[in-house]
Amino acid sequence: MAHGLALRGTVIRASCGRGYSLNLNSNRLKSVPEFVSRFPNLSVLLLCHNSISDLPTQLQSLRHLTELNLGNNALREFPVVLSHLGSLTKLDLYNNKIAVVSPDAIGNLGNLVVLNLNHNNIQRLPPEIGRLRKLQHFSIVDNKLEELPGEVGCLKKLSELNLTYNNLSSLPKQLYFCRNLIKLYAARNRLTNLPEELAARLVLLEVRKKFSLIKRSLPHYPELNDLLSSSRCCTECNGPFLGTWVECVHFVSLQKEMNLRSWLTIPVRALLCSYNCFRAEGPCYYGVETK
């Protein structure tokens with residue numbers, strides 16, 4: 001059951017078991033009202049469509065905050081106080097004037113699932129972006145991004161990445177470690193090509209789909225077909241790849257795995273696509289990394 005309290009055009013809602021939601025959207029605010037920090041159990045704070053240029057340190061008391069919307073404001077930096085809000089799962093900072101992203105602030109937001117930095121002036125992202133291990137949706141449309149750090153390869157749960165309208169001339173090859181990436185938008189950049197392995201894996205994943213435009217188009221590109229014909233599947237994740245990251249062996253019990261009347265354990269060749277698969281729980285792999 002939810003309860004609402006009108007307060008100068010705002011609404012505070014408390015839902016049983018869900019904490020508080022505070023809506024301060026479109027109030028012509030130039031700063032965050034002091035009373036906001038008096039709600040330590042606040043879970044959702046909406047402050048978009050105002051003129052806020054800075055966040056007060058008092059906001060660090062909102063340790064239970066899971067959603068924060070600061071879109072359409074006047075922020076010039078990624079707010080450092082956010083480093084204390086480790087419970088955040090959704091953060092909207094679109095349509096601000098952010099030019100600098102604080103390594104400490106973004107590196108401490110390990111629970112983020114959704115991050116929207118669209119329409120800012122960001123030139124670089126710090127390597128600490130790789131600490132957002134739960135991030136699934138990341139959008140940084142219409143910025144001045146010149147380089148994407150290789151640490152994005154650590155974002156194993158990333159499923160959607162939107163880099164449209166930036167100044168990127170290349171993408172890091174580490175992107176192919178993002179095995180869950182199914183949507184990559186990179187239009188309106190300065191790209192002349194994609195990392196071969198990344199492009200190949202995306203195409204190979206599309207080929208597995210029954211109704212895929214890429215799959216239907218492949219017969220028109222015989223050279224690409226020839227290249228993809230040499231692809232293999234990872235022993236661990238069954239994902240397709242072109243370049244073998246490591247060739248190794250794991251040991252199989254003939255009795256347990258093949259239901260044979262033998263106590264022998266034999267080595268079986270294994271091809272793995274990434275270090276992540278090499279370290280996966282399950283069989284122990286033995287091999288030498290190849291580059």
Heavy atoms, side chains only, cut-off 4.5 Å: are L24 and V36 in contact? yes
Flag for N25-H49: side-chain donor and acceptor within less than 3.5 Å: no
Where T235 and A270 come nearest, the two heavy atoms and their spacing: OG1-CA, 3.4 Å
Within a radius of less than 6.0 Å around NZ of K156, do more than 12 heavy atoms belonging to other residues, nucleotides or ligands occur? yes
Take N167 and N189, measure what side-chain contact (heavy atoms from CB on, under 4.5 Å) needs, and give me the verdict at the end. CA-CA 5 Å; N167 296 324; N189 275 278; 5.6 Å; no
Gap separating the CZ atom of R131 from the CG atom of L112, nearest 0.5 angstrom: 13.5 Å
Given side-chain contact (heavy atoms from CB on, under 4.5 Å), test L85 with L62 step by step and report yes or no. CA-CA 7 Å; L85 305 182; L62 306 181; 4.3 Å; yes
Are there more than 12 heavy atoms of other residues, nucleotides or ligands under 6.0 Å from atom NZ of K30? no
Ignoring hydrogens and geometry, is there a side-chain-to-backbone donor-acceptor pair from N121 to A99 under 3.5 Å? no
Does anything in residues 78-98 pair up under side chain to side chain donor-acceptor pair (under 3.5 Å), and if so which pairs, sequence neighbours excluded? Q60-H84, N72-N95
Going only through I, L, V, M, F, W and Y residues with side-chain contacts under 4.5 Å, is there a path from V81 to L22? yes
If you define the side chain from C-beta out and look only at heavy atoms, does anything of L227 sit under 4.5 Å from N225? no
Apply side-chain contact (heavy atoms from CB on, under 4.5 Å) to Q123 and E146, showing your working. CA-CA 6 Å; Q123 252 184 313; E146 297 179 349; 3.1 Å; yes
Count the heavy atoms belonging to other residues, nucleotides or ligands that lie under 6.0 Å from CZ of R208, then report whether that count exceeds 12. yes
What I'd like to find out is whether the side chain of L125 reaches to under 4.5 Å of the side chain of F138, using heavy atoms alone. yes
Side-chain donor-acceptor pair present, Q136, S159, cut-off under 3.5 Å: no
To the nearest 0.5 Å, what is the distance between CG on D54 and OG on S31? 9.5 Å
Close side-chain approach of S231 to F241, heavy-atom, < 4.5 Å: no
If I compare all heavy atoms of P127 with all of P149, which pair ends up nearest, and what's the gap? CA-CB, 4.5 Å
Would you find more than 12 non-hydrogen atoms of other residues, nucleotides or ligands less than 6.0 Å from R63 atom CZ? yes
Would you say the side-chain atoms of D142 pair up with the backbone N or O of H119, donor to acceptor, closer than 3.5 Å? no
Just by distance, do the side chain of N111 and the backbone of G86 share a donor-acceptor pair under 3.5 Å? yes
Report the residue from V141, L184, N143, L191 that forms a side chain to side chain contact (heavy atoms under 4.5 Å, CB included) with L163. L184
So which atom in S51 and which in A74 form the shortest heavy-atom distance, rounded to 0.1 Å? O-CB, 4.1 Å
Do L272 and C248 make a side-chain contact, defined as non-hydrogen atoms from C-beta onward lying under 4.5 Å apart? yes
Check the hydrophobic clustering (I, L, V, M, F, W, Y; side-chain heavy atoms under 4.5 Å; chains of links allowed) and say if V113 and V44 are grouped together. no
L168-L175 co-clustered via ILVMFWY side chain contacts under 4.5 Å: yes
Quick check: do P126 and I106 have side-chain heavy atoms less than 4.5 Å from each other? yes
Between the main-chain N or O of S43 and the side-chain N or O of T66, is there a donor-acceptor pair closer than 3.5 Å? yes
Note: L271 and E247 closest approach over all heavy atoms is CD2-CG, 3.6 Å
From the list N73, N118, N116, L75, side chain to side chain contact (heavy atoms under 4.5 Å, CB included) with L93 holds only for L75
Non-hydrogen side-chain atoms of L29 and L47 separated by less than 4.5 Å: yes
Going by atom types alone, do K157 and N180 pair a side-chain donor with an acceptor below 3.5 Å? no
Answer with yes or no whether the side chains of N162 and T164 bring together a donor and an acceptor at under 3.5 Å. yes
Rounded to the nearest 0.5 Å, how far apart are CG of N23 and CG of L46? 5.0 Å
Joint hydrophobic cluster, V207 plus Y221, side-chain heavy atoms closer than 4.5 Å: yes
For I122 and V101: C-alpha separation, side-chain torsions, deciding distance, then whether side-chain contact (heavy atoms from CB on, under 4.5 Å) applies. CA-CA 7 Å; I122 299 170; V101 177; 3.8 Å; yes
Examine L115 and Y165 and state if one hydrophobic cluster contains both, with Ile, Leu, Val, Met, Phe, Trp and Tyr joined whenever side-chain heavy atoms are less than 4.5 Å apart. no
Just how far is it from atom CG of L109 to atom CD of E128, taken to the nearest 0.5 Å? 11.5 Å
Distance-only polar pair, side chains of E160 and Y185, donor-acceptor under 3.5 Å: no
Of all the heavy-atom pairs spanning R133 and C154, show the shortest one and how long it is. CD-O, 3.4 Å
Does some side-chain heavy atom of I52 sit less than 4.5 Å from a side-chain heavy atom of V32? yes
Value rounded to 0.5 Å, distance of CZ in F39 from CG in L45: 10.5 Å
Shortest non-hydrogen contact between E34 and S37, atoms and distance: O-OG, 3.0 Å
Straight-line distance of L55 CG to L70 CG, nearest 0.5 Å: 5.5 Å
